[in-house]
Amino acid sequence: GPLALLGVARDDDLAAAVLAPDLRAFLDAAPPDVLDTLRTWLDEAGSASRTAARLAVHRQTVYHRLGQVEQATGLDLARGADRLRLHLAVELAPFLTGT
């Protein structure tokens, strides 16, 4: 998985590639429920209904929180490249920043 990247790149280089300043700022400032929703939604292949079920929230809550992600990051969750960028950031950030 993506954690294998930790073994093939220096932390500083990987952090620079994966955690651009805008994403680092988002990850540092985002409420935990928004980050949990984003992580779960990405893990559930973009399924709002499965995300809502796993988090025990209404589907509309999932959509609202994902809207907050898009607004805060300027990324479009309908674009695969943007989803990949976010997924790498949320998965690797704890190992690269100590958060």
Side-chain angles (χ1 to χ4, degrees):
L3 293 181
L5 293 171
L6 296 171
V8 297
R10 290 185 351 189
D11 285 356
D12 292 342
D13 294 336
L14 191 55
V18 172
L19 292 173
D22 59 335
L23 284 181
R24 187 181 302 265
F26 165 71
L27 294 174
D28 289 343
D33 61 337
V34 171
L35 287 178
D36 288 342
T37 300
L38 175 61
R39 255 188 221 98
T40 304
W41 182 79
L42 290 166
D43 288 343
E44 291 294 342
S47 171
S49 60
R50 288 194 310 261
T51 301
R54 275 187 55 192
L55 297 176
V57 298
H58 193 277
R59 225 175 10 167
Q60 192 59 37
T61 301
V62 172
Y63 292 129
H64 175 73
R65 291 176 184 172
L66 294 174
Q68 290 177 306
V69 171
E70 288 184 319
Q71 186 174 17
T73 63
L75 298 175
D76 181 355
L77 295 178
R79 294 188 62 230
D82 287 352
R83 288 192 309 274
L84 177 59
R85 190 170 174 221
L86 277 167
H87 210 164
L88 286 172
V90 298
E91 290 295 324
L92 296 177
F95 301 99
L96 297 173
T97 63
T99 59

Is there a donor-acceptor contact under 3.5 Å from the side chain of Arg65 to the main chain of Thr37? no
Hphob cluster co-occupancy, Leu86 + Leu35, side-chain heavy atoms under 4.5 angstrom: yes
Quick one: pull up CG in Leu55 and OG1 in Thr61 and give me the separation to the nearest 0.5 Å. 9.5 Å
Verify side-chain contact (heavy atoms from CB on, under 4.5 Å) between Leu77 and Trp41, making sure each step is shown before the conclusion. CA-CA 10 Å; Leu77 295 178; Trp41 182 79; 3.8 Å; yes
His64 side, atom NE2; Asp33 side, atom CG - distance, nearest 0.5 Å: 9.0 Å
Could you please spell out the steps behind the salt bridge (Lys or Arg N to Asp or Glu O under 4.0 Å) verdict for Arg39 and Asp36? CA-CA 5 Å; Arg39 255 188 221 98; Asp36 288 342; 3.5 Å; yes
Nearest 0.5 Å please: distance from the CD atom of Glu44 over to the OG1 atom of Thr51. 5.5 Å
Atom pair CG/CD of Leu42 and Glu91 - distance to nearest 0.5 Å: 8.0 Å
Enter the distance from Leu27:CG to Leu92:CG here, rounded to the nearest 0.5 Å. 10.5 Å
d(Arg83 CZ, Leu88 CG) to nearest 0.5 Å is 12.5 Å
Test item: Arg85 and Thr73 side chains (from C-beta on) under 4.5 Å apart, heavy atoms: no
Evaluation steps, side-chain contact (heavy atoms from CB on, under 4.5 Å), between Phe26 and Leu75: CA-CA 11 Å; Phe26 165 71; Leu75 298 175; over 6 Å; no
